[in-house]
2 protein chains.
Amino acid sequence: MPRKSDARQRAILTAARLFQRQGYFGTGLAQILEQSGAPKGSFYHHFPGGKEELALEAIHEASRGLESLFAAAAEASEEPGAFVRTLARGIAYWIEASDFTDGCPVAIFTLESTPAAPALQEACRESFVAWQRLIADGLSRNGGDRARAERLAEMLVAALEGALLLAMAEASTRPIEVIGEELAEHVATVMRSRGS
Amino acid sequence: MPRKSDARQRAILTAARLFQRQGYFGTGLAQILEQSGAPKGSFYHHFPGGKEELALEAIHEASRGLESLFAAAAEASEEPGAFVRTLARGIAYWIEASDFTDGCPVAIFTLESTPAAPALQEACRESFVAWQRLIADGLSRNGGDRARAERLAEMLVAALEGALLLAMAEASTRPIEVIGEELAEHVATVMRSRGS
DNA sequence: TATGTTCTATGGTGATTGTCATAGAACGTC
DNA sequence: GACGTTCTATGACAATCACCATAGAACATA
C-alpha cells in the first residue's frame, strides 16, 4: 500500500554522518537536506517530529553500525585478548577512514543532550547497554565469570570511547593502538584466571 | 594602567559551564552574556576574536580545573591503585554535583570541532596531553617504569573520559565506580611488578 | 479511467544567530 | 579640570534557524 520513497532513509544516513562530525546543534536541517538530496518540501511529512525525530533515527542507525562491528569482532576472535585487539583495530580503521573527523555519534549526543530531549538521552543509554552486552558476549565466548565479563565490557566501552576521542584530538590512530594493547593485556590476564 | 573590568572573566566562567552542558553550537552568545551578567556592548572589546576566542579561553579554564584535580589526587595518594580510586571518586563527585548534566568540555569540543577551527582542536589536544602527564606523574611517584606509566596514563585518561560519558548517559555514578575499580586493579598489578 | 494516498515544490513565518558601528559613559593620569 | 584610555549602551546588520501551510505532482489501487 505505501509508496515508499527513499528520501527518508537518505536523510537519516546523511544526518548520522553530519551529526557525528558537527554535533546536533552544529548541523542544520538545510545542510542535511542539501547533502542528502532529499526534497525539503517533504521533510515534515517523513519526520513529523522534526529534527529531534531525525536525530533519534540517526542515533539508532549509528548504533546499529557499531553493534554489527562488535558482533563481527566477537565472531572472528577465539580468545578475549585477540577480541579486544580486533575491536581496537576496527575502531582505528573506522576513525581513520573519515580522516579523524567523524567521532562517535552516541557520545556527542550524550554530551549535547538537554533535559528537554529525554528521548535522545534514553537512546544513547540503550546504545551503550547494547554495546556492553555484545562485548561481554565476546569476552565470555569460552566461558569464564560472566559478571566479571560484564564489568570488563563496561570498562572496554568507556576506554574505547575515550580512545576514539584521543585519536580525534591527535588526528592519529596511535592512542587507539596504545590503549587497545593495554586493554588486551588486562583482559587476557583477568579472563584467563578462570575459564569454563 | 588598565582599568580591568571583571566582565571578561565572568563571561569565560559562564561560557565554560554552558559549553560543557550544551556544547559550542548549542550555546548562544546571548545566553552567555545574559547568565554572566556581562554587558553585551563590550563583548567584542574583550573578545576581538568573537565566540571562538571565548571558547578557547573556556577550554583553558576548564582544563586547568581538571589539572588541579589530578594534581591534588596525585599529591594525596601514596600508591598507584589508591591514586586511581581517588581520581574516580573526584570525577564521580564532579559529575554528580551538576546532576549529570555537565560533561567534559574538552571532550565535547573535540567532537564538535571543525577543521575550520584548528585552534580549538589544538587546545583540546594540549589538555589531554597535560592530563596524561599529570596522571603519569601520579602513577610513578614511587618510581617504576616511566614509559609504562605513561601508557597507563593515556589509557586512564581515555577510560575516565568514557566513564564520565557513561555516567551522564545513565545519570548515575555507578559506571565510574565500576570502571574506576577495574582500572585501579589493573594499574596496581602492573605498577607493582617493578617498583623503585 | 477514476479515486485516494503518498510525496514534493514553493514560499514564507517569526525567532535567533554571530557580528559590528557609533556614540557616550566611566575611569586613571597629568 | 583636561586628556586619553577602557569599557558599555544602543541598535542594527545579513544570515540562518526550525517549522509549517498550501497546493499540486506522482503513484497505487480499483
Side-chain angles (χ1 to χ4, degrees), chain A residues 1-19 21-59 105 108-109 112-120, chain B residues 1-19 21-59 105 108-109 112-120:
Chain A
M1 71 284 275
R3 178 132 87 87
K4 246 183 208 153
S5 134
D6 62 339
R8 187 180 143 96
Q9 192 61 20
R10 279 211 318 259
I12 293 173
L13 292 175
T14 304
R17 182 164 38 86
L18 289 175
F19 283 152
R21 189 167 303 186
Q22 313 163 346
Y24 179 70
F25 296 109
T27 306
L29 284 179
Q31 189 184 9
I32 296 173
L33 295 178
E34 182 193 4
Q35 291 205 14
S36 69
K40 76 174 232 189
S42 59
F43 180 77
Y44 288 92
H45 171 75
H46 296 294
F47 302 95
K51 191 185 182 185
E52 190 174 325
E53 180 182 351
L54 174 60
L56 199 60
E57 296 295 334
I59 292 179
I108 199 170
F109 270 106
E112 280 184 316
S113 90
T114 338
L120 299 182
Chain B
M1 75 281 273
R3 176 132 89 87
K4 260 222 201 121
S5 134
D6 62 339
R8 187 180 143 96
Q9 192 62 19
R10 280 209 319 257
I12 293 174
L13 292 175
T14 304
R17 182 164 40 86
L18 289 176
F19 284 152
R21 188 166 304 186
Q22 312 164 346
Y24 180 70
F25 295 110
T27 306
L29 244 40
Q31 188 184 11
I32 297 172
L33 295 178
E34 182 193 2
Q35 290 205 15
S36 69
K40 78 175 233 190
S42 59
F43 180 77
Y44 288 91
H45 170 75
H46 296 296
F47 303 96
K51 191 185 183 185
E52 189 175 326
E53 180 182 351
L54 173 59
L56 199 62
E57 295 295 335
I59 291 178
I108 198 168
F109 271 106
E112 282 184 316
S113 89
T114 338
L120 299 183

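In what follows, every heavy atom counts, from backbone to side chain, and hydrogens, waters and symmetry copies are set aside. This is a predicted model, so every value here is computed, not measured. Chain A is the first sequence line, chain B the second, and so forth, proteins listed ahead of strands; every chain is numbered from 1.
- The side chain of B/His46 contributes an N or O atom lying less than 4.0 Å from OP1 or OP2 of D/dT8.
- Looking at B/Gln9, B/Arg17, B/Arg10 one by one, the single match for side chain to side chain contact (heavy atoms under 4.5 Å, CB included) with B/Leu13 turns out to be B/Gln9.
- Side-chain atoms of A/Glu112 come within 3.5 Å of backbone atoms of A/Tyr24 as a donor-acceptor pair (strictly under, hydrogens ignored).
- What you find for B/Pro39 and B/Leu33 is that their closest heavy atoms are O-CD2, 4.4 Å.
- Remark: B/Phe25 pairs with no residue by the ring pair (Phe, Tyr, Trp, His ring centres under 6.0 Å) rule, at least two apart or across chains.
- Judged as a side-chain contact (heavy atoms from CB on, under 4.5 Å), and not counting sequence neighbours, the contacts of A/Ser113 are A/Gln121.
- Toward the 5' end of DNA chain D, the nearer of the two residues B/Ala7 and A/Glu52, judged by each one's closest nucleotide, is B/Ala7.
- The interatomic distance linking A/Asp6 (CG) with D/dA26 (P) rounds to 16 Å, in whole Å.
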Could you pull out the protein-nucleic contacts involving nucleotides 16-18 of chain C (nitrogen or oxygen on both sides, under 3.5 Å)?
residue, atom, partner, partner atom, Å
C/dG18, OP1, B/Thr27, O, 3.4
C/dG18, OP1, B/Leu29, N, 3.4
C/dG18, OP1, B/Lys51, NZ, 2.9
C/dG18, OP2, B/Leu29, N, 2.8

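- Side chain of A/Ser36 to backbone of A/Ala38: a donor-acceptor contact under 3.5 angstrom is found.
- Phosphate contact (OP1/OP2 of C/dT8, side-chain N/O of A/Ser42, threshold under 4.0 Å): present.
- For residues 26-53 of chain B, the salt bridge (Lys or Arg N to Asp or Glu O under 4.0 Å) pairs, not counting sequence neighbours, are B/Arg8-B/Glu53.
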Review point. Is there a side chain to side chain contact (heavy atoms under 4.5 Å, CB included) between A/Ile32 and A/Phe43 once you walk through the steps?
Key: CA-CA 11 Å; A/Ile32 296 173; A/Phe43 180 77; 5.9 Å; no

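- Atom CZ of B/Arg10 is separated from atom P of D/dC7 by 13 Å (rounded to the nearest Å).
- As a whole-Å value, the separation of B/Phe43 CZ from D/dA12 P is 22 Å.
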Point to revise | Evaluation steps, side chain to side chain contact (heavy atoms under 4.5 Å, CB included), between B/Ile12 and B/Phe47 | key: CA-CA 10 Å; B/Ile12 293 174; B/Phe47 303 96; 3.8 Å; yes

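- A close approach under 4.0 Å does not occur between any side-chain nitrogen or oxygen of B/His45 and OP1 or OP2 of C/dC20.
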Contact list (N/O, under 3.5 angstrom) for nucleotides 10-13 of chain C vs protein:
none

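- Pairs of Watson-Crick or G-U wobble type, with distances under 3.5 Å, assemble into runs of 3 or more in DNA chain C at these ranges: C:1-13 with D:18-30, C:15-30 with D:1-16.
- Distance, B/Phe47 CZ to C/dC20 C1': 16 Å, rounded to whole Å.
- Considering only residues two or more places apart in sequence or on other chains, B/Ala16 meets the side-chain contact (heavy atoms from CB on, under 4.5 Å) condition with B/Ala58.
- Using a 3.5 Å distance cut-off with no hydrogens or angles, the side chains of B/Thr14 and B/Gln35 do not pair a donor with an acceptor.
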